[in-house]
Protein chains: 2
Amino acid sequence: MTARAISIGEAARQSGVKVPTIRFYEQIGLMPAPPRSEGNRRQFDEKDLSRLSFIRHARELGFEMDDIRELLALTEQPQRSCHEADSIAARHLREIEMRIAKLQALSGELRRMVEECGHGKVCECQVIHVLADHGKCRSDTH
Amino acid sequence: MTARAISIGEAARQSGVKVPTIRFYEQIGLMPAPPRSEGNRRQFDEKDLSRLSFIRHARELGFEMDDIRELLALTEQPQRSCHEADSIAARHLREIEMRIAKLQALSGELRRMVEECGHGKVCECQVIHVLADHGKCRSDTH
DNA sequence: GCTTGCTCCTATAGTCGCTAGAGGAAGTAA
DNA sequence: TTACTTCCTCTAGCGACTATAGGAGCAAGC
């Protein structure tokens with residue numbers, strides 16, 4: 001049994017990547033241009049599905065397109081050392097951890113702001129006052 | 001002593017908002033169009049500086065432009081109840097906390113991925129394998 | 001064969017929050 | 001006067017899509 005052609009809609013359903021996004025990925029060269037049917041429709045195969053799922057998953061994990069491009073290139077050379085894949089992931093992990101630290105400082109500031117708001121008038125509102133004056137913040141990380 | 005006119009460069013230095021960004025804010029109506037000098041240069045005043053600083057600080061705290069627009073409108077009506085400012089900030093806080101939770105799940109996944117990588121060949125690399133198969137993830141939050 | 005309704009096609013423009021660059025005019029210091 | 005800096009407008013670009021318009025293909029029912 002030969003590989004059945006998969007339509008773009010079917011590919012979208014199976015991979016979780018939306019139809020216009022698949023076309024967009026083709027346009028920017030992240031996905032190869034698939035063969036077309038007589039009626040000019042894209043015909044995907046199982047390999048395309050894997051690639052789409054890989055991309056979707058990496059995007060969900062917050063990898064940038066350039067990283068994904070590199071990771072995809074690595075998957076095409078399975079005999080190479082995985083050192084590069086590892087270092088991309090490790091760098092990404094460091095970035096995420098920094099983003100978490102920053103967001104935690106922000107949420108602390110916001111929580112303090114909201115808690116100290118006496119629910120009175122705007123002219124006394126801590127939310128407004130803190131926003132107007134960075135000096136009222138506890139951390140300098142923003 | 002009357003209010004001295006402040007140039008856009010000076011306003012940028014004092015507020016921490018870059019020159020093109022100030023012009024951009026004027027363009028999208030976030031800042032009022034200031035009066036001009038004979039030579040067609042923008043003349044800002046202290047009130048503009050406060051507004052710019054307010055915007056910058058709110059941006060640093062991750063507020064979106066629409067939120068900032070609302071908050072700025074509130075500052076112009078100091079006698080109103082601060083209920084709205086409070087709810088904008090509270091909603092924003094909830095969003096940030098959700099983002100933190102998501103990022104923490106991601107960083108856990110990434111850390112596991114990197115730790116389990118045996119630094120062998122790509123074809124055995126956990127980083128690649130996990131990306132290719134969501135089933136290998138511990139959490140469903142992405 | 002015809003109609004209905006779905007999926008697919010291309011191409012363009014819009015989103016957000018800026019940032020960069022071109023090409024020129026105004027202001028300032030030596 | 002010359003050189004340098006700052007300012008002006010306008011346009012286009014970024015990333016990663018998303019939306020819309022205006023068609024064309026295709027399958028099922030009648």
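Everything numeric in this text was worked out from a predicted model, so none of it was measured. Protein chains get the first letters and strands the later ones, always in sequence-line order, with residue 1 at the start of each.
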Just compare [options] and give me whichever is closest to any side-chain atom of [X].
X: R23(B); options: dT18(D), dC8(C), dC8(D); answer: dC8(D)
X: R41(B); options: dA26(C), dA24(D), dC17(D); answer: dA26(C)
X: F24(A); options: dT18(D), dC7(D), dT9(D); answer: dT18(D)
X: R59(A); options: dA16(D), dC8(D), dC8(C); answer: dA16(D)
X: M65(B); options: dC9(C), dC17(D), dC18(C); answer: dC18(C)
X: T21(B); options: dT19(C), dC7(D), dC17(D); answer: dT19(C)

Do the side-chain N or O atoms of S7(A) get closer than 4.0 angstrom to the phosphate oxygens (OP1, OP2) of dT7(C)?
no
Would you say R13(B) places a side-chain N or O within less than 4.0 Å of OP1 or OP2 belonging to dT6(D)?
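Checking R13(B) against dT6(D): no side-chain N or O falls below 4.0 Å of OP1 or OP2.
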Specify the separation, in whole Å, of atom [atom1] of [X] and atom [atom2] of [N].
X: I22(A); N: dT18(D); atom1: CD1; atom2: C1'; value: 14 Å
X: Q43(A); N: dT7(C); atom1: CD; atom2: C1'; value: 15 Å
X: R36(B); N: dC7(D); atom1: CZ; atom2: C1'; value: 10 Å
X: L30(A); N: dA16(D); atom1: CG; atom2: P; value: 10 Å
X: K18(B); N: dG17(C); atom1: NZ; atom2: C1'; value: 11 Å
X: E38(A); N: dC26(D); atom1: CD; atom2: P; value: 8 Å
X: R56(B); N: dC18(C); atom1: CZ; atom2: P; value: 12 Å
X: D66(A); N: dG15(D); atom1: CG; atom2: P; value: 7 Å

Begin from the C-alpha positions of R59(A) and F54(A) and carry the test side chain to side chain contact (heavy atoms under 4.5 Å, CB included) through to its verdict.
CA-CA 9 Å; R59(A) 289 291 302 140; F54(A) 186 102; over 6 Å; no
Flag the pair R112(B) and E109(B) as a salt bridge only when some basic side-chain nitrogen lies within less than 4.0 angstrom of an acidic carboxylate oxygen.
yes
Have a look at E64(B) and say if it touches a base, only the backbone sugar-phosphate, or nothing, with a 4.0 Å heavy-atom cut-off.
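Sugar-phosphate, no base atom in range.
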Evaluate the criterion side chain to side chain contact (heavy atoms under 4.5 Å, CB included) for residue pair C82(A) and L74(A); output intermediate values, then yes/no.
CA-CA 8 Å; C82(A) 75; L74(A) 289 174; over 6 Å; no
Is it the case that more than 12 heavy atoms not belonging to H83(B) sit under 6.0 Å from its NE2 atom?
no
Taking it one step at a time, do F24(A) and V19(A) satisfy side chain to side chain contact (heavy atoms under 4.5 Å, CB included)?
CA-CA 9 Å; F24(A) 169 73; V19(A) 170; over 6 Å; no
If you pin G39(A) and Q27(A) to their nearest nucleotides in DNA chain C, which one's is more 5'?
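Whichever sits nearer the 5' end wins; that is G39(A).
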